[in-house]
Amino acid sequence: MSKKNELIQSVKGTRDLLPGETPLWQRVEEEARRVFEAYNFREIRTPILEQTALFARSVGSDTDIVTKEMYTFEDRDSESLTLRPEATASVVRAYIEHGLYNEGGVHKLYYFGPMFRRERPQKGRYRQFYQIGAEVLGSDHPTIDTEVLEMLVLLLERLGLKEFKLLLNSVGCPKCRPEYLKKLRHALDAVKTKLCTDCQRRAQTNPLRVLDCKVEADQPVIEKLPYILDHLCSECRQHFECVTGELDERGVAYEIVPRLVRGLDYYTRTTFEITSGLLGAQNAMLGGGRYDGLSEMLGGPPAPGFGFAIGQDRLVLTVEESAALKMKAPLAVYVAWMGEAAREPAVRLACQLRREGISTEISFQQMKLKKSLGIANKLQARHTIIIGEEEVASGHYQLKDMETGEQRAVDAVQLVAAIKEKLGETFQSGRAPSSQAK
RNA sequence: GUGAGCGUAGCUCAGCUGGUAGAGCGCCAGACUGUGGAUCUGGACGUCGCGGGUUCGAACCCCGUCGCUCACCCCA
């Protein structure tokens with residue numbers, strides 16, 4: 001039990017996004033929406049809470065996520081529930097549950113939202129973290145893979161990112177992978193003793209991960225291990241060649257990394273990751289791939305899928321680091337009033353401005369003009385409207401441009417129009433231009 | 001779950017070999033009865049993370065604990 005008066009702080013691995021940083025988050029979300037919708041994706045919102053079995057069956061009951069990272073608890077009726085660790089399973093669940101496949105064609109869906117994984121927090125990794133993801137359900141055509149990758153690269157470019165790499169691999173399918181794994185295990189048995197202790201353990205638990213080892217001394221050994229790319233069945237090989245061929249056609253740069261491994265069980269064929277050097281140890285900014293058997297695993301009809309998840313926390317970090325976006329949240333108008341006679345006209349004017357969508361601040365108590373201007377300055381207001389006894393009497397208010405310091409008397413009746421004109425088209429909303437609808 | 005580093009004012013940090021706290025920024029007020037951003041002057045704000053130990057005396061040394069950060073594992 002916590003002591004009285006003890007400070008209560010946010011749960012470990014969760015954090016508050018303060019107004020200083022939310023503009024950047026909004027910017028990223030707006031750009032994602034715009035790009036996704038340009039590719040004809042539509043938003044889906046699924047619950048944060050799901051039955052535990054959903055993740056056990058899709059992500060894989062032996063994966064780290066399921067065995068030790070999920071927030072799982074018993075509901076009052078002793079049903080086991082879990083805070084979603086990822087969203088692909090939920091999207092596929094919804095697709096099946098509502099029979100979207102009956103509509104025919106492919107479904108292109110995107111989502112935003114928080115995910116939960118109980119790991120030790122570090123840079124770019126949180127227990128509540130945010131993903132922006134998209135899924136295409138209903139076809140295994142390689143062009144889908146390509147189109148989605150093209151879309152992702154466009155999004156990153158739109159956000160001003162330069163330092164990123166698209167890493168590509170194929171992990172085969174249930175037809176070719178088991179055989180490959182057998183070969184890999186066999187090869188590992190022969191060289192195991194030359195590897196680091198971590199890899200010796202991985203050779204048992206998850207042989208694919210050995211390929212991903214970063215220990216310098218292990219590299220010569222790892223390079224001689226068989227890669228799955230050389231052991232794909234003909235269908236998987238053809239699919240992969242199609243994807244890379246079309247990426248070339250579209251001018252999307254990529255790097256084939258035969259050692260790229262994903263941690264979720266449901267992946268088949270194409271897998272990929274986009275990394276950024278600006279991120280520290282957790283350099284995977286987003287990842288995804290194809291999951292052709294997932295729908296069946298969840299009791300649905302055959303419905304091949306391809307998707308990705310962007311780590312929004314990490315994306316925001318790189319956008320910050322690359323300093324491509326300077327966010328300002330300028331206020332359009334500050335209304336300064338002095339004297340009781342000015343109060344009502346000032347309040348009425350502020351209301352009018354706000355109804356026009358012009359961001360406006362007004363003090364709720366009377367103060368010296370000097371003080372008001374100080375506040376207007378701190379809020380970075382573009383304009384200050386000064387209303388005192390004289391202004392009320394004459395019906396002309398002082399309109400001051402805070403940047404230039406210029407000031408003139410404007411007829412109160414024409415004030416809103418005058419401000420609109422001064423703000424110009426880009427600032428109709430009174431906020432930065434990023435809020436323009438698509 | 002494992003390891004390392006760090007917890008001093010709202011923020012960034014200083015504080016020599018132990019003598020009960022300082023700077024810059026920010027904040028508030030004034031110089032300037034209705035004109036901001038500069039300058040100057042003054043002011044408020046600290047259980048030195050918490051608990052225990054050593055000591056005449058602890059922000060400083062020791063032990064424990066909590067928190068944060070980074071890394072491992074794994075992933076977004």
Side-chain angles (χ1 to χ4, degrees), chain A residues 2-3 5-13 15 18 20 59-60 62-70 84-88 113-133 196-199 201-202 205-206 208-209 212-215 260-264 267 272-276 279-288 307-318 334 336-339 342 366-391 398-407:
Chain A
S2 58
K3 271 186 272 177
N5 297 332
E6 203 175 307
L7 192 67
I8 295 176
Q9 49 187 102
S10 63
V11 172
K12 184 203 275 286
R15 59 196 180 137
L18 272 12
V59 173
D62 292 330
T63 58
D64 278 12
I65 292 179
V66 172
T67 55
K68 48 187 204 197
E69 295 173 3
M70 293 202 306
R84 66 181 183 194
E86 61 114 36
T88 300
M115 310 294 158
F116 303 84
R117 261 124 93 160
R118 199 181 184 289
E119 298 179 88
R120 199 73 164 254
Q122 71 189 70
K123 181 167 180 162
R125 174 197 278 163
Y126 307 95
R127 290 184 172 183
Q128 174 173 337
F129 61 103
Y130 296 82
Q131 289 190 332
I132 298 174
C196 66
T197 51
D198 277 339
C199 281
R201 182 176 45 73
R202 290 185 191 120
T205 58
N206 190 349
L208 281 174
R209 284 240 86 88
D212 204 29
C213 177
K214 286 149 206 143
V215 175
L260 180 70
V261 171
R262 315 250 77 236
L264 284 62
Y267 283 117
F272 68 96
E273 195 169 290
I274 291 185
T275 59
S276 165
L279 277 173
Q282 307 306 317
N283 67 350
M285 185 161 62
L286 63 91
F308 64 83
I310 303 173
Q312 191 174 3
D313 309 76
R314 294 179 185 180
L315 179 58
V316 166
L317 260 176
T318 62
Y334 187 86
W337 57 276
M338 296 89 66
Q366 196 173 180
M367 56 183 73
K368 291 180 185 170
L369 179 58
K370 181 179 161 52
K371 170 107 175 141
S372 291
L373 284 167
I375 291 171
N377 192 52
K378 195 156 55 181
L379 293 172
Q380 295 181 56
R382 294 179 135 71
H383 307 280
T384 298
I385 293 168
I386 300 164
I387 309 174
E389 321 250 333
E390 294 166 27
E391 284 74 17
Q398 294 295 326
L399 173 57
K400 183 180 175 78
D401 184 312
M402 296 300 281
E403 189 126 356
T404 64
E406 284 166 35
Q407 183 176 325

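Every chain is numbered from 1 and lettered A, B, ... according to where its sequence line falls, protein lines coming before strand lines. All values below were derived from every heavy atom in this structure, side-chain atoms included, with hydrogens, water molecules and symmetry-related copies excluded.
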Exercise for the section: Return yes if the base of U35(B) and the side-chain atoms of Q398(A) contain a donor-acceptor N/O pair under 3.5 Å, otherwise no. Expected result: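 Per atom types, no contact qualifies.
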
Handout entry: Quiz item: E391(A) side-chain donor-acceptor pair to G34(B) base, under 3.5 Å
Key = yes

Roughly how far apart, to the nearest Å, are [N] and [M] at atom [atom1]?
N      : M      : atom1 : result
G46(B) : U8(B)  : P     : 15 Å
A21(B) : U47(B) : P     : 14 Å
C6(B)  : C63(B) : P     : 14 Å
U2(B)  : A9(B)  : C1'   : 36 Å
G51(B) : C60(B) : P     : 13 Å
C48(B) : G10(B) : P     : 13 Å
C72(B) : C11(B) : C1'   : 32 Å

Practice task
Compare side-chain N and O positions of Q122(A) against OP1 and OP2 of C72(B) and report whether any pair is under 4.0 Å apart.
Solution key: yes

So which nucleotide from [options] ends up closest to the side chain of [X]?
X       : options                : answer
R120(A) : C68(B), G1(B), G34(B)  : G1(B)
K368(A) : G30(B), A76(B), U35(B) : G30(B)
R125(A) : U35(B), G67(B), C74(B) : C74(B)
R314(A) : G34(B), C72(B), A76(B) : A76(B)

Exercise for the section: Answer with base, sugar-phosphate or nothing: what part of the nucleic acid does E389(A) contact at a heavy-atom distance below 4.0 Å? Expected result: base

Handout entry: Nearest-angstrom distance from the residue atom NZ of K123(A) to P of A4(B)
Key = 22 Å

Exercise for the section: Nearest-nucleotide wise, let me know which of E406(A) and Q9(A) is further upstream toward the 5' end of RNA chain B. Expected result: E406(A)

Exercise for the section: Specify the residue among E86(A) and M338(A) whose closest nucleotide of RNA chain B lies further upstream toward the 5′ end. Expected result: M338(A)

Problem - Ionic contact status for R262(A) with E273(A), cut-off 4.0 Å - result: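 Salt bridge present between E273(A) and R262(A).
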
